[in-house]
Every structure is written in structure tokens, then in C-alpha cells.
Amino acid sequence: MTKPDVPSGLSAEEAARLLRQRVEMGGGDLFLDGMTREEALRRVSSARAGRSSDDLAPSAPRTPAPEPGARPTTGATAGRTSDGGTLILPDDYEGLREIALGCTRCGLSGGRTQVVFSDGPPSARLMVVGEAPGANEDASGVPFVGMAGQFLDLLLATVGLSRADSVYIANVLKCRPPGNRDPQPDEIAACSPFLLKQIDLVKPRALLAVGSFSARLLTGRDGVALGKLRGSVHTYHGVPLVVTYHPAALLRNRRWTRLFWDDLQLLRSVIDVV
Ligand code: URA
């Protein structure tokens with residue numbers, strides 16, 4: 001197969017423009033057709049500001065800025081603990097983050113290097129919700145910094161969204177499951193109150209759930225296949241919610257990249273009117 005004539009070292013905007021052009025020209029598999037996965041990721045990587053195209057390592061830990069005008073901890077929202085007790089979470093962002101960083105509510109705390117709380121500004125218009133940290137995220141303390149995260153960043157850039165200013169990212173689980181296994185129901189029960197409180201405090205204008213764990217949690221449709229949840233706009237506590245495939249799944253199944261693209265267009269249209 002011929003490779004597209006794309007110079008290496010594209011800026012994020014140029015890479016985004018390339019993707020848009022390919023869609024407009026009817027590209028079915030988008031970015032990945034005609035390129036190996038490694039090559040596509042090298043290009044994504046080199047499109048990230050000032051980084052060498054060979055460097056696919058995670059970026060250095062970043063700490064999100066505190067919520068503007070954050071108040072001292074007041075103690076307010078309740079979630080259910082995994083043993084049925086009530087978990088009181090504070091109404092201020094920094095207080096919530098501090099509690100999450102010290103959390104030992106489930107067995108995953110014993111194996112973690114770092115709690116992965118979030119990335120991007122809490123003032124962001126869009127909140128992306130993933131599944132759980134992987135090895136790169138556990139090491140850096142930042143969500144979605146591995147290959148899947150870099151691909152996600154590129155795809156978001158195609159609709160003008162970036163974690164530099166408009167995207168806040170968090171996961172259903174804040175600690176890495178061993179060997180990247182699926183989150184277990186008791187872990188989701190123990191950890192998800194942090195995510196739900198984050199949504200409450202960040203107050204995004206729209207939510208994007210990537211992958212079935214976040215999609216099922218936020219739609220409340222336990223056990224429903226992701227393919228049945230995508231393609232329409234749901235709401236989570238009044239916030240418009242779009243559901244799509246996990247970017248790691250796109251790296252395994254090229255056909256889903258086109259569907260992800262369609263979901264991003266739906267998301268963009270939602271963000272433009274809220
Ligand atoms: N996959 C996720 O769902 N979240 C991350 O932070 C990294 C990979």
C-alpha cells in the first residue's frame with residue numbers, strides 16, 4: 001500500500017488539518033491506513049510540541065492548576081463506599097484531589113506508583129472520561145500519556161480541542177489495575193465517587209466517555225454494549241454526554257477510527273451549542 005505523502009514533524013494543527021482533509025476526501029480508515037501503527041504514533045508524537053519523533057515516552061508529571069477561587073474544604077458530597085458505608089467528599093477541588101491522592105479504599109492502592117487524578121484545566125469545556133491508568137500513567141501520575149493518549153490528543157485536535165486549554169481528562173479508576181486488567185466492580189464502587197465529584201466540581205459543558213467502563217458508569221446502562229450506546233447524545237446530571245470507543249481499541253481495530261471520528265463530530269456539534 002502506498003504511504004501518504006506527509007512530512008514528519010507536523011505541528012498539532014497541521015496533523016489535525018491532514019486528518020480533516022482525509023475525511024473530507026472520503027478516507028475510510030483515516031490516519032492509520034497506509035501507515036503502520038508505529039509510524040502513525042511516531043507522527044502523533046512528533047506533532048506534540050517540540051518533542052522528538054522517536055520519543056514515545058510519557059511526559060513529565062504535571063499538576064493541574066487548582067480550581068480558580070477554590071475554597072477551603074467544607075465536606076459535603078456523599079458516595080457509597082464499597083462496604084456500604086458513606087464516603088464524604090469535600091466540595092472543593094483541591095480538597096478532593098488531596099483525599100484521592102492518599103486513598104486506600106481498595107486493593108489497587110497497594111500496587112500503585114502514583115494516583116492518577118487528572119490532566120488539563122478544571123475550567124475546561126470538555127471532560128473526557130477514560131477507564132484506568134496504564135503503566136505510563138502510573139509512572140507519570142498523568143492520565144492518557146501512553147500511545148492511546150497520544151492518539152486521543154491528535155483526534156481531539158481535529159475538532160479544535162486540546163488539554164492545554166479546553167479538555168480536562170480523568171479516569172473511572174485512579175490507580176492502575178495489575179497487568180492492565182479490567183476494573184472490577186468493587187474497585188469501581190470504591191473509586192467512582194471521586195470521578196463523580198470531579199464532574200460535579202469541574203462542571204464541564206460536555207462529557208466524552210471513552211470505552212465501555214466510563215460509558216456504562218455515566219449512562220447508568222450496566223452491561224449494555226458500547227456500540228449500542230454510541231451515536232446519540234445522553235445526559236449525565238444534565239450535562240450532555242457522548243460515548244465512544246476507547247482510543248486503545250482504535251489502535252487494535254482500524255475500522256473503529258472512522259466511528260470515533262463520527263462521534264467526535266457529534267461531540268463538537270454539542271459543544272458548539274451548549
Ligand atoms: N487508558 C485509560 O483509560 N486511561 C488512561 O489514563 C490511560 C489509558
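- Rounding to the nearest 0.5 Å places CD of Glu137 at 11.5 Å from OG1 of Thr113.
- Classified by interplanar angle (parallel below 30°, tilted 30° to 60°, perpendicular above 60°), the ring pair Tyr93/Tyr168 is perpendicular.
- Cation-pi geometry between Lys174 and Phe194 is not met at under 6.0 angstrom from the ring centre and within 45 degrees of the axis.
- Within the model, atoms SG of Cys191 and CZ of Arg105 stand 8.0 Å from one another, a figure rounded to the nearest 0.5 Å.
- The distance from atom CG of Leu218 to atom CG of Leu241, rounded to the nearest 0.5 Å, is 5.5 Å.
- You'll find the side chain of Val159 stays beyond 4.5 Å of the side chain of Leu267, heavy atoms only.
- Not one N or O on the side chain of Arg112 forms a donor-acceptor pair closer than 3.5 Å with the backbone of Arg176.
- The line from NZ of Lys197 to CG of Asp200 is 5.0 Å long, rounded to the nearest 0.5 Å.
- Side-chain atoms of Glu131 and Pro183, non-hydrogen and from C-beta on, do get closer than 4.5 Å to each other.
- If you chain together hydrophobic residues whose side chains sit under 4.5 Å apart, Val116 and Val129 never meet in one group.
- Pairing each heavy atom of Gln198 with each of Ser118, the nearest pair is NE2-CB, 3.8 Å.
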side-chain contact (heavy atoms from CB on, under 4.5 Å) assessment of Leu156 paired with Leu264: CA-CA 8 Å; Leu156 288 172; Leu264 275 188; 4.0 Å; yes
Worked check of side-chain contact (heavy atoms from CB on, under 4.5 Å) between Leu251 and Met147: CA-CA 9 Å; Leu251 297 176; Met147 285 188 176; 4.1 Å; yes
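- Within 6.0 Å of CG in Asp272 there are more than 12 heavy atoms belonging to other residues, nucleotides or ligands.
- The two residues Asn171 and Pro143 make their nearest non-hydrogen contact at ND2-CB, 3.7 Å.
- The structure places CZ of Arg216 at 11.0 Å from CZ of Arg221, a figure rounded to the nearest 0.5 Å.
- Residues Leu108 and Pro178 come closest through the heavy atom pair CD2-CD, 3.6 Å.
- Between Arg163 and Asp153 there is a salt bridge, since at least one side-chain N of the basic residue sits less than 4.0 Å from a carboxylate O of the acidic one.
- No donor-acceptor pair under 3.5 Å is formed between the side chain of Arg125 and the backbone N or O of Arg205.
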Derivation of the side-chain contact (heavy atoms from CB on, under 4.5 Å) call for Asp92 and Leu201: CA-CA 7 Å; Asp92 77 286; Leu201 294 175; 5.9 Å; no
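- Taken to the nearest 0.5 Å, the CG atom of Asp119 stands 8.5 Å off from the OG atom of Ser140.
- Clustering ILVMFWY residues whenever any of their side-chain heavy atoms sit less than 4.5 angstrom apart, transitively, puts Leu161 in the very cluster that holds Leu208.
- Pro133 has its side chain out of reach of Phe144: every pair of non-hydrogen atoms, C-beta onward, lies at least 4.5 Å apart.
- In terms of heavy-atom proximity, Ser192 sits nearest to Leu217 at CB-CD2, 3.9 Å.
- Annotation for Tyr245 and Val210: closest pair O-CB, 3.7 Å, computed over non-hydrogen atoms.
- In the hydrophobic clustering of this structure, Ile199 groups with Val274; members are Ile, Leu, Val, Met, Phe, Trp, Tyr whose side-chain heavy atoms approach within less than 4.5 Å, directly or through other members.
- In terms of modelled atom types and a separation under 3.5 Å, the side chain of His234 and the main chain of Ala215 share no donor-acceptor contact.
- At least one side-chain heavy atom of Pro193 sits under 4.5 Å from a side-chain heavy atom of Leu87.
- Phe151 and His246 have their aromatic ring centers separated by at least 6.0 angstrom.
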Derivation and outcome, side-chain contact (heavy atoms from CB on, under 4.5 Å), residues Tyr236 and Leu196: CA-CA 10 Å; Tyr236 171 78; Leu196 303 184; 3.4 Å; yes
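- Here Asp263 pairs with Arg230 in a salt bridge; the nearest charged N to carboxylate O distance falls below 4.0 Å.
- Considering every non-hydrogen atom in both Val270 and Pro240, the closest pair reads CG1-CB, 3.5 Å.
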